Protein chains: 2
Amino acid sequence: MPDENKLELVLPDGSKRIVNTGTTGYQVAESISPRLAREALSVTLNNEILDLNRELPASGSFKINTWDDEDGKYAFWHSSAHLLAEAAQELYPDVRFGIGPAIATGFYYDMDFGDRRITPEDMQRIEEKMTELARAKAEFTRVEISKDEAITYFREKNDPYKLDLLKDLEDGTITLYKQGNFTDLCRGPHIPNTDRVKAIKLMSLAGAYWRGDSDSKQLTRIYGVSFPKKSMLDEYLALLEEAKKRDHKKLGKELGIYMIDSMIGTGLPVWLPNGTILRRTLEAFLRDEQVDRGYQEVITPHIGNLSLYKTSGHYPYYADSQYDPIKVDDEEYLLKPMNCPHHHRIYSNKMHSYRDLPVRLSEFGTVYRYEQSGELTGLTRVRGFTQDDAHIYCTQDQLKDEIKNCIELTQLVFSTFDMPVDIRLSYRDDDETKFGGDAEYWERAQKEIRDVVDEMGLDYTVAHGEASFYGPKIDFIIRDAIGRKWQLGTVQVDYVMPERFDLTYVGADNQKHRPVIIHRAPFGSMERFVSILIEHFAGNFPLWLSPVQAVLIPVSDAFNALCEDYLKALKKEGMRVEINDRSEQIGAKIREAETSKVPYMLIVGDKEKQNRSVSVRKHRKGDIGQFALTDLINRLKDEINNKVLPDN
Amino acid sequence: MPDENKLELVLPDGSKRIVNTGTTGYQVAESISPRLAREALSVTLNNEILDLNRELPASGSFKINTWDDEDGKYAFWHSSAHLLAEAAQELYPDVRFGIGPAIATGFYYDMDFGDRRITPEDMQRIEEKMTELARAKAEFTRVEISKDEAITYFREKNDPYKLDLLKDLEDGTITLYKQGNFTDLCRGPHIPNTDRVKAIKLMSLAGAYWRGDSDSKQLTRIYGVSFPKKSMLDEYLALLEEAKKRDHKKLGKELGIYMIDSMIGTGLPVWLPNGTILRRTLEAFLRDEQVDRGYQEVITPHIGNLSLYKTSGHYPYYADSQYDPIKVDDEEYLLKPMNCPHHHRIYSNKMHSYRDLPVRLSEFGTVYRYEQSGELTGLTRVRGFTQDDAHIYCTQDQLKDEIKNCIELTQLVFSTFDMPVDIRLSYRDDDETKFGGDAEYWERAQKEIRDVVDEMGLDYTVAHGEASFYGPKIDFIIRDAIGRKWQLGTVQVDYVMPERFDLTYVGADNQKHRPVIIHRAPFGSMERFVSILIEHFAGNFPLWLSPVQAVLIPVSDAFNALCEDYLKALKKEGMRVEINDRSEQIGAKIREAETSKVPYMLIVGDKEKQNRSVSVRKHRKGDIGQFALTDLINRLKDEINNKVLPDN
């Protein structure tokens with residue numbers, strides 16, 4: 001029988017700790033190591049994040065969150081938002097407060113400064129005040145009061161926005177958090193004290209309507225970022241500077257990769273010639289790998305009868321992210337929001353024997369999903385994108401091998417580009433409205449994907465509630481050049497759609513059985529992948545991907561004909577080469593090629609004519625010497641065939 | 001001063017004939033040669049088709065139409081429809097007549113037989129009666145009467161449908177045509193007499209609502225075909241038999257090329273794995289040719305803002321053939337009915353100097369156009385299809401060379417498949433509502449395309465009124481396996497869209513100029529092209545296009561591993577090869593490969609193992625001997641690289 005004065009905590013490594021009731025997370029951290037106690041920012045108990053200073057309320061799974069954990073960082077930035085509010089209150093006593101959350105990188109606070117327009121100088125002052133307040137080492141204190149008491153408090157404080165927020169809260173206990181002279185309506189959690197915040201930078205200003213409603217008052221949103229070490233801020237600012245240079249919106253335009261044109265459509269990228277080469281090359285790479293692995297490619301229409309999505313259950317439940325149906329005669333069609341139902345119908349177009357399985361149908365399928373116009377960004381968030389989609393229909397016995405093959409293919413893809421990737425198992429949570437199918441299927445599918453990654457010895461995290469509505473997923477999360485994380489590749493197990501689309505195969509027992517479906521997409525979306533590819537390489541693509549692989553530069557018109565001859569030889573080997581025979585100086589031509597990030601510049605003059613050679617300059621490297629044309633061709637072919645990565 | 005008793009006729013070869021007024025077309029034919037008079041079916045005078053027996057009403061361009069001319073055939077089949085009506089009237093005196101036109105292959109007549117259901121035996125009797133009436137050599141006589149007289153005539157004849165038709169005709173001269181005991185309301189023209197019809201076959205029966213209105217009475221439509229020689233009918237029936245075997249709907253299913261699934265969508269083909277290989281291979285073939293010719297590929301979304309089509313003028317004028325707009329926020333989008341406006345916007349995305357021109361933008365762009373569900377047929381008439389589209393933006397000086405390049409590329413495409421092709425220049429007619437832009441532009445553009453085909457020494461016909469609404473076209477018309485004609489490739493000159501989209505380039509004079517646009521698509525539509533390709537080759541594709549190029553057949557399980565080894569060697573060379581290692585008899589495996597039209601069967605047993613060879617069977621040819629594996633690979637590579645056509 002458990003001792004009611006003791007709590008049992010299960011740590012992430014499976015070890016257990018027995019502590020007295022009344023112990024705080026901070027004390028547990030301290031008992032593990034003083035350094036951990038110094039770095040701890042919050043704790044997670046049974047999936048709930050708590051203040052470090054709070055007494056642990058129960059036994060259960062327990063984790064101490066530091067800066068390296070999302071949950072730690074979140075508390076840190078959330079606390080920094082409170083610090084921002086406190087500084088503003090000190091400097092501008094009439095300020096009124098909206099909301100101030102942590103976001104993916106940093107935090108913001110929406111504030112009503114009355115008639116005052118906040119200037120860069122104000123930002124500077126607020127930032128200095130925040131630093132001063134942080135140094136004061138004020139504790140974040142949690143206060144539990146009734147809703148009535150909270151209303152009285154904010155009425156006295158004359159804070160209309162907080163009163164507006166309180167209206168929507170249920171009766172019962174309300175929590176406030178207090179540090180120094182500032183008290184906020186807040187669920188928490190927060191870090192122990194302000195002194196953990198060692199470096200602060202206010203980044204930008206924006207207008208934000210209260211509650212996002214354009215009929216309400218526009219507040220001033222101040223964005224900021226903060227760190228537990230000064231060096232981290234410096235690093236972050238350097239990364240940001242680097243990110244600007246790598247920004248795919250900037251490079252995408254400069255390198256002729258894509259355009260977005262409001263006359264064609266909001267959030268609908270158009271692939272320009274260089275982008276089309278990039279995309280087609282990536283597609284060909286994956287297609288070859290898929291053919292080797294027994295995939296069969298198909299092409300399906302870009303619209304589908306509404307009955308497909310009613311059968312799958314995606315309509316009307318996902319209607320918000322879909323374009324409105326188009327009426328055709330007495331039917332209705334959706335601009336295809338996903339390729340799956342089309343593939344399921346291809347599968348059921350003929351009878352399958354267990355001997356035919358797995359059937360692996362792949363498609364570079366363009367899908368269209370509505371996004372708010374404010375959410376749209378370059379190639380990253382768009383309304384039309386192309387999935388490197390595939391659906392594998394297999395028997396239960398084949399499932400694990402097929403999952404493994406999909407993981408290996410995805411790993412191959414990302415290792416080809418030397419992209420750092422994290423694996424996340426996305427499970428369902430207990431919200432049954434978000435997920436289809438029987439609990440039994442879910443248990444089985446979640447166990448199966450976990451077994452496979454365990455057998456493969458891979459590291460992973462588990463995220464509850466992140467599954468597809470038809471099944472759990474293995475998500476591949478890429479860290480980009482400035483440390484942002486992007487979900488790209490995905491492998492999903494689905495026991496739901498085989499039922500809904502009545503998919504069958506005839507087993508060795510001559511009976512009908514349901515196949516299992518794996519949904520998978522290594523790149524995820526060609527648009528998003530290319531945006532990350534551009535930033536990953538800062539536009540300096542590996543030779544095999546470069547839209548223009550080399551430019552021939554005759555030193556004078558006298559060598560134009562020879563360049564034409566070389567061009568033919570290079571093109572015959574399938575290389576993408578151009579001649580720059582405009583009447584400009586060599587230097588200007590080299591600068592132009594450098595700006596266009598062409599990997600090789602091939603200079604041809606008298607010396608080169610004598611022995612059918614070229615003088616070669618490599619992008620960002622300069623002159624690498626004279627090469628016989630045939631040697632150069634072999635060198636480039638090797639570099640292309642081996643998909644050699646550029647030096648960085 | 002012209003003699004008013006004489007007419008001057010200009011023959012197609014440019015020669016002139018002076019004839020007396022009152023001369024008939026027949027008399028002119030007779031004066032040229034007795035054989036021509038025997039074969040003549042109608043004449044065309046100043047683009048109007050006339051009866052051979054009619055006195056020529058004016059001077060002008062003059063042509064005698066025989067069976068080899070569409071206009072001759074049309075008169076022949078139209079006259080045969082009257083013969084069908086006469087035969088029905090003889091056998092079933094109570095029959096009432098709807099309409100009876102000539103169609104692409106033959107003719108039909110819609111008739112009201114009251115309560116009688118026409119049986120195959122009736123068809124037989126009617127056919128025999130037609131033949132009997134044809135032998136009677138009754139002349140077709142043209143009668144001109146007033147509308148009132150016509151009403152009186154058909155009222156007395158108790159022919160309600162003809163009276164209904166008469167209601168819509170303007171007052172003035174009405175023409176009737178009479179042969180034997182049958183008189184019809186008809187514009188003509190007709191052949192001189194029934195005896196020209198030497199062979200008749202009634203083909204099928206269908207129900208057809210009067211005036212296509214489902215609220216009106218359903219009439220009986222009898223389809224027939226007729227010929228001036230018995231041997232032609234035999235040939236036609238043999239072709240029809242052959243066509244059934246080649247039917248792309250039948251082969252498309254058997255060979256796994258495509259499917260149409262009502263749950264996915266009406267008239268929306270889905271490319272199955274074998275069809276996808278076929279299509280991708282055709283695309284790659286054209287892409288390579290285009291890259292060689294300086295084209296740049298782009299990819300544009302499948303929807304476009306309505307403003308694009310309002311600017312182009314395609315909306316609302318072509319709204320009937322477009323899907324309804326989709327509302328998105330406060331914008332409207334069309335499922336893309338054509339790629340042109342997207343490409344024009346790409347062109348104007350950056351400034352162009354005359355030195356950058358021509359800009360050649362290509363796209364395999366899928367477009368969606370509404371068609372009546374009754375019009376939809378396999379891959380031939382669909383609601384979504386992929387154009388191998390391109391738009392060339394060039395200066396006036398470059399135009400002719402660019403047109404020539406486009407024609408040459410199109411000719412290369414069709415000669416690669418050994419498809420017979422006719423060239424038609426499609427000009428505008430005088431209906432100004434159908435065509436955009438100034439008359440001056442049209443004159444220029446029509447002259448330019450004619451000049452180019454003349455310079456290239458090509459044969460062509462001219463069709464007035466068949467132009468695009470923005471410019472004249474060079475259309476490439478393919479004759480398929482049973483002689484039907486299909487418009488596939490097209491090259492179009494456009495002076496209109498550069499104005500509407502305000503496209504410019506900066507000339508050598510540093511001033512802004514308008515480029516000219518060429519729209520071109522050699523295949524036309526991938527869907528339609530593949531349907532014709534299937535029928536052209538009866539599914540026996542050339543090796544380079546075959547979805548499965550060879551199947552390895554081990555004579556027993558003992559040779560499976562060797563086959564796997566061979567498979568690897570063949571795949572390494574990029575070949576599409578499978579192994580059939582199921583436990584079946586060799587004979588069965590060979591039959592299966594023959595049915596699937598796999599070009600090569602590679603049989604592997606003990607003998608082959610000893611010297612690393614295969615015994616080769618060629619599809620439809622049988623055993624062609626034993627080949628060392630390396631020799632076979634070279635043989636297949638040659639056949640693929642040279643795009644060798646199959647023997648037929």
Side-chain angles (χ1 to χ4, degrees), chain A residues 256 258-259 261-266 268-277 279-280 287 291-292 295-305 307-308 311 323-329 331 333 335-336 341-342 345-346 348-350 355 361 363 366 368 370 372-373 383-384 386 571 576 582, chain B residues 256 258-259 261-266 268-277 279-280 287 291-292 295-305 307-308 311 323-329 331 333 335-336 341-342 345-346 348-350 355 361 363 366 368 370 372-373 383-384 386 571 576 582:
Chain A
Y258 77 101
M259 67 182 229
D261 176 64
S262 63
M263 192 165 166
I264 290 179
T266 312
L268 298 172
V270 173
W271 293 83
L272 297 175
N274 284 344
T276 303
I277 290 172
R279 177 169 149 183
R280 292 291 186 224
R287 180 179 290 124
V291 166
D292 277 355
Y295 285 76
Q296 297 180 301
E297 192 178 352
V298 298
I299 305 171
T300 71
H302 304 95
I303 54 176
N305 195 300
S307 64
L308 288 175
T311 303
Y323 283 75
D324 286 343
I326 310 167
K327 271 198 78 82
V328 183
D329 298 340
E331 302 175 315
Y333 285 83
L335 205 48
K336 183 166 70 172
H342 288 68
R345 291 297 294 172
I346 292 174
S348 59
N349 181 47
K350 61 175 184 181
R355 280 186 301 252
L361 300 178
E363 176 170 24
T366 306
Y368 292 86
Y370 176 74
Q372 303 273 353
S373 61
R383 285 185 179 163
T386 304
K571 279 196 168 175
R576 299 183 290 267
R582 288 204 295 276
Chain B
Y258 79 101
M259 67 181 231
D261 176 63
S262 63
M263 192 165 166
I264 290 179
T266 313
L268 297 171
V270 173
W271 293 82
L272 296 175
N274 284 344
T276 304
I277 291 172
R279 177 170 149 183
R280 292 291 187 224
R287 180 178 291 126
V291 167
D292 277 355
Y295 285 77
Q296 297 181 301
E297 191 177 353
V298 297
I299 306 171
T300 70
H302 304 94
I303 54 176
N305 195 300
S307 64
L308 288 175
T311 303
Y323 282 76
D324 286 344
I326 309 168
K327 268 197 81 81
V328 183
D329 299 337
E331 302 176 315
Y333 284 83
L335 206 48
K336 182 167 70 173
H342 288 68
R345 291 297 293 173
I346 293 175
S348 58
N349 181 48
K350 62 175 185 182
R355 282 186 300 252
L361 300 178
E363 177 171 22
T366 306
Y368 292 87
Y370 176 75
Q372 304 271 353
S373 62
R383 286 184 180 164
T386 304
K571 279 196 168 175
R576 298 182 291 267
R582 288 203 296 275

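Scope of the values below: all heavy atoms of this structure, side chains included, with no hydrogens, waters or symmetry mates. Per chain, numbering begins at 1; letters A, B, ... match sequence-line order. Every value quoted in this text rests on a predicted model; they were computed, and no experiment measured them.
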Checking [X] against chain A: side chain, backbone, both or neither under 4.5 Å from a heavy atom?
X        : result
B:Thr311 : side chain
B:Glu297 : both
B:Asp324 : both
B:Leu335 : side chain
B:Met259 : side chain

Specify which of [options] makes the most heavy-atom pairs with chain A at under 4.5 Å.
options                                : result
B:Asn305, B:Leu361, B:Ile299, B:Val270 : B:Ile299
B:Lys571, B:Arg279, B:Lys336           : B:Arg279
B:Gly265, B:Pro301, B:Pro269           : B:Pro301
B:Arg287, B:Arg355, B:His342, B:His302 : B:His302

How many angstroms lie between atom [atom1] of [X] and atom [atom2] of [Y], to the nearest 0.5 angstrom?
X        : Y        : atom1 : atom2 : result
B:Trp271 : B:Thr276 : CH2   : OG1   : 7.5 Å
B:Thr300 : B:Leu308 : OG1   : CG    : 9.5 Å
B:Glu331 : A:Ser373 : CD    : OG    : 8.5 Å

Just by distance, no angles: are the side chains of B:Asp329 and A:Tyr370 close enough, under 3.5 Å, to form a donor-acceptor pair? yes
Answer whether the closest heavy-atom distance between the side chains of [X] and [Y] falls below 4.5 Å.
X        : Y        : answer
A:Ile303 : B:Leu268 : yes
B:Arg576 : A:Val291 : no
B:Asp261 : A:Asn349 : no
A:Ile264 : B:Tyr333 : no

Side chain / backbone / both / neither for [X] at chain B, heavy atoms under 4.5 Å:
X        : answer
A:Ile346 : both
A:Tyr368 : side chain
A:Pro341 : neither
A:Thr366 : side chain

Greater than 12 external heavy atoms within 6.0 Å of A:Lys327's NZ: yes
Most contact-rich option vs chain B, by heavy-atom pairs under 4.5 angstrom, among A:Arg280, A:Gln296, A:Arg582, is A:Arg280
